[in-house]
Each structure stands twice: as C-alpha cells, then as structure tokens.
Student: 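Have a look at this one before I ask anything.
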Amino acid sequence: MVEQERAARRISEEEAAQYDRQIRLWGLEAQRRLRASRVLLVGMKGLGAEVAKNLILAGVKGLTMLDHQQVGALGLSRLGFLGTQVPADCPRPETRPCWSK
C-alpha cells in the first residue's frame, strides 16, 4: 500500500515536460500536491468556466463543478473543453465529477 502511494506521487518524465513551467515557478512538491488535489468549483458563469479550464490545465486530479442553474446547451458552450453535446441526463441540478485523472 505504501509503495503504491509512493508510485502515485512520482511525476513521470512526460508530466514533468508538460508541467515544466509550473514546476519551475512553484516547485516539484507543489505540483505533486496540486496533482493529488480534488477541487469543488461553485458557480459556472464566465469566471467559473475560466477558473475550471485553468485548474484542469494546471493538472488537478479531480474537478467537480456545481452551479445553481440547470445545465443546457448555452451553459455547455461556455465550457468548450466538455464538448457541445448536452448529456442525456441534463438538465437536472446535481453534482458529479466532470474531470478526473
């Protein structure tokens, strides 16, 4: 179990290349902690969508987005990284992970 945790904390050469700027900016340990973090983002208007994109690009392990409004085609258009197709189970308000490594 401990060995699995250690292996999960290691950053591969591919990830090191991908996150090179971030690692140089705030260090390897901070990138490891970011990579292991799960984030709840409340509010998916314009700013929330931009924050979601930046968190995903930064390498968080999981991101759950929550909004008080139902999801529709217009709402998904703000979140281009999720695609433009409205899932069959929408619209209905709920929380569920939308991104996880």
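These figures come from a predicted structure and were not determined experimentally.
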Student: Please check this pair: side chain of Arg38 against backbone of Thr64, looking for a donor-acceptor N/O pair closer than 3.5 Å.
Tutor: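 No: the side chain of Arg38 does not pair with the backbone of Thr64.
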
Student: State the CD1-CG distance between Ile56 and Leu63, to the nearest 0.5 angstrom.
Tutor: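 These two atoms lie 5.0 Å from each other.
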
Student: Taking all heavy atoms of Gly43 and all of Asp67, pick out the closest pair and write down the distance.
Tutor: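 Taking every non-hydrogen atom into account, CA-OD1, 3.5 Å.
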
Student: Using the side chain to side chain donor-acceptor pair (under 3.5 Å) criterion, which residues pair with Gln18? Sequence neighbours excluded.
Tutor: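 Partners of Gln18 by the side chain to side chain donor-acceptor pair (under 3.5 Å) criterion come out as none, since no residue qualifies.
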
Student: Should Glu15 and Arg35 be marked as a side-chain contact (heavy atoms from CB on, under 4.5 Å) after you check the CA-CA gap, both sets of side-chain angles, and the distance that decides it?
Tutor: CA-CA 10 Å; Glu15 287 176 301; Arg35 190 175 139 229; 3.3 Å; yes

Student: Indicate the atoms forming the closest heavy-atom contact of Val60 with Ser37, along with that distance.
Tutor: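 Scanning both residues completely, I find the closest heavy atoms to be CG1-OG, 3.7 Å.
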
Student: If we ignore hydrogens and angles and just use 3.5 Å, is the side chain of Gln22 paired with the main-chain N or O of Ala58 as donor and acceptor?
Tutor: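 Yes, Gln22 side chain to Ala58 backbone: donor-acceptor pair under 3.5 Å.
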
Student: Between atom OH of Tyr19 and atom CG of Leu34, what is the distance when rounded to the nearest 0.5 Å?
Tutor: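 That separation rounds to 8.0 Å.
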
Student: Decide whether Leu40 and Leu57 are clustered together by the hydrophobic rule: side chain heavy atoms of Ile, Leu, Val, Met, Phe, Trp, Tyr closer than 4.5 Å, transitively.
Tutor: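 No, Leu40 and Leu57 fall in different hydrophobic clusters.
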
Student: Could you grab the distance from atom CG of Leu55 to atom NZ of Lys53, nearest 0.5 Å is fine?
Tutor: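 Here the interatomic distance stands at 10.5 Å.
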
